[in-house]
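One structure is given below, encoded as structure tokens.
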Protein chains: 2
Amino acid sequence: MEEGSSETAVARLTARGAKTRSRIIATAADLIRVRGVGGTTLDDVVVASNVSKSQLYRHFEDKQALVRAVIEFVGERTIAVERERLSKVMTFNGLRRWRDALVENNALHEGRYGCPLGSLANEVSDQDEIARKKLHDLFAAWQELFEDLLRRFQKAGILPQEADVAQLATGLLAAVQGGYLVAQASRDVTPMASAIDMAIAHLHMLSRDAAS
Amino acid sequence: MEEGSSETAVARLTARGAKTRSRIIATAADLIRVRGVGGTTLDDVVVASNVSKSQLYRHFEDKQALVRAVIEFVGERTIAVERERLSKVMTFNGLRRWRDALVENNALHEGRYGCPLGSLANEVSDQDEIARKKLHDLFAAWQELFEDLLRRFQKAGILPQEADVAQLATGLLAAVQGGYLVAQASRDVTPMASAIDMAIAHLHMLSRDAAS
DNA sequence: CTACATATGGACGATACCGTCCAGTTACCC
DNA sequence: GGGTAACTGGACGGTATCGTCCATATGTAG
């Protein structure tokens with residue numbers, strides 16, 4: 001749908017233009033991840049991305065537009081990674097490996113920064129309705145990945161047909177998000193592992209019921 | 001321990017002084033809840049709390065000190081409410097009533113603002129180490145309330161003795177936090193209910209195992 | 001080689017916000 | 001009723017940040 005990205009007039013766009021544009025977004029995404037939206041200034045972005053201010057404002061109407069672009073960028077990347085990982089999962093052991101990957105990755109910086117999507121959602125949802133909708137859609141996409149996986153489990157007979165796939169997927173997503181947050185406040189990813197484990201354990205118990 | 005509150009020199013404190021101080025904190029807490037820490041200015045606080053700026057700076061060294069005080073205030077209030085509610089819970093139906101209360105409360109503003117503790121944790125954890133520790137302690141206190149409850153369940157024989165109470169409590173906390181966050185991005189509390197439900201369902205299944 | 005998009009680089013105005021300061025006022029305790 | 005804490009009210013300096021603007025330079029496609 002649509003052709004993604006900005007709201008402003010950026011109709012024509014040469015290869016070079018597009019390149020700088022993405023560089024700005026990627027740099028801004030990095031800065032925002034570490035310092036938050038409010039803690040990141042446009043001058044920071046200008047310096048870090050090696051662009052002149054005029055160019056920044058050529059590509060983005062204002063800071064809000066940049067932030068929205070960052071949300072799309074981070075969101076699409078996150079979902080793509082998760083899709084890649086989750087689509088391969090066929091068993092409970094595979095699910096546990098997926099969890100390990102997520103936790104290990106977060107352990108690289110001791111849980112700092114939280115979930116790439118979650119922290120943005122928290123900071124922006126109540127201040128920018130359009131951004132909120134984007135984030136909502138991204139969460140929905142993530143949840144759908146879980147649903148696909150669970151339906152695969154159903155077909156494989158390791159999850160009962162009657163299981164409420166949508167609700168379980170929501171629970172998984174929330175476990176992930178809650179895990180990220182508690183880990184962030186603890187500077188320790190252990191709680192994140194526990195939280196996701198509990199969700200997986202639940203699925204596993206449902207599966208045992210299916211067998212009986 | 002200690003005797004809570006500020007870091008600055010506020011040795012002596014008359015009744016009147018203490019009163020204005022708490023009024024400032026309470027007002028700031030309200031503003032911050034709606035606009036976030038970054039979105040709340042000290043002038044906002046001054047106006048909303050009907051205090052002169054001089055007084056604000058008499059009671060708090062700087063904005064950071066005020067924010068920390070707000071965290072303590074909100075945290076203690078939140079934990080107190082949860083303690084009140086959770087300590088009464090003796091059965092699974094009670095647990096579901098607790099969940100209802102939490103969700104209903106959040107539904108009053110359609111999930112906006114997220115969890116009083118969670119959103120603060122998200123915004124502040126990576127920027128202020130002292131604040132992060134406070135929030136970590138508050139999460140730990142909350143988790144302990146869950147642990148107490150689960151141990152009660154064990155004594156009552158509705159949860160197996162072998163259950164890992166600490167891990168389950170972490171899972172519950174994360175489900176709550178994740179639920180808050182997804183609800184915030186969705187402007188709809190349904191996912192929050194689902195998320196907590198899944199955690200409760202898991203406990204319930206464990207309980208059935210105990211009976212077998 | 002010409003025309004246009006892309007880019008530099010930084011000056012600039014306009015605010016917004018933090019934090020200081022102070023002269024004067026009001027409550028309250030002994 | 002004298003003294004001290006608590007408070008008013010707002011001016012003020014300093015600075016950070018947003019967003020505008022422009023004169024100039026460079027790549028690149030036709």
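Letters A, B, ... mirror the listed sequences (proteins, then strands); counts begin at 1. Just so it is clear, the values below take in all heavy atoms, side chains as well, and ignore hydrogens, waters and symmetry mates.
For the atom pair A:Tyr113 OH and A:Asp30 CG, the distance stands at 10.5 Å (nearest 0.5 Å). The CZ atom of A:Arg151 lies 11.5 Å from the CG atom of A:Leu159; values are rounded to the nearest 0.5 Å.
Take A:Asp44 and apply the side chain to side chain donor-acceptor pair (under 3.5 Å) test, not counting sequence neighbours, and it matches A:Arg35, A:Thr41. Checked against salt bridge (Lys or Arg N to Asp or Glu O under 4.0 Å), B:Glu144 has no partners two or more places apart in sequence or in another chain. Judged as a ring-ring contact (aromatic ring centres under 6.0 Å, His included), and not counting sequence neighbours, A:Phe139 has no contacts.
Taken residue by residue, residues 26-41 of chain A places no heavy atom nearer than 4.0 Å to DNA chain C. For DNA chain C, the residues of residues 44-57 of chain A within the heavy-atom distance limit of 4.0 Å (strictly under) are A:Asn50, A:Val51, A:Ser52, A:Lys53, A:Ser54, A:Gln55, sorted by number.
B:Asp43 places its CG atom 13 Å from the C1' atom of D:dC12, with the value rounded to the nearest Å. As a whole-Å value, the separation of A:Leu42 CG from D:dT20 P is 11 Å. Spacing between atom CZ of B:Arg16 and atom C1' of C:dT26 amounts to 6 Å, rounded to whole angstrom units. In this structure, CD of A:Glu61 is placed 13 Å from C1' of D:dT20, rounded to the nearest angstrom. Look at NZ on A:Lys19: it is 14 Å from C1' on C:dA7, rounded to the nearest Å. Taking atom NZ of residue B:Lys63 and atom P of nucleotide D:dA16, one finds them 15 Å apart after rounding to whole Å.
At the phosphate of C:dT6, neither OP1 nor OP2 sits under 4.0 Å from any side-chain N or O atom of A:His59.
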What pairs of donor and acceptor atoms, side-chain ones from residues 173-184 of chain A against any protein atom, are under 3.5 angstrom apart with sequence neighbours left out?
unit_1: A:Gln184; atom_1: NE2; unit_2: B:Asp126; atom_2: OD2; d: 2.9

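Paired with A:Ser186 under the rule side chain to side chain donor-acceptor pair (under 3.5 Å), one option of B:Arg132, B:His136, B:Lys133 passes, and it is B:His136.
Salt bridge status for B:Arg187 with A:Glu129: present, with a side-chain N to carboxylate O gap under 4.0 Å.
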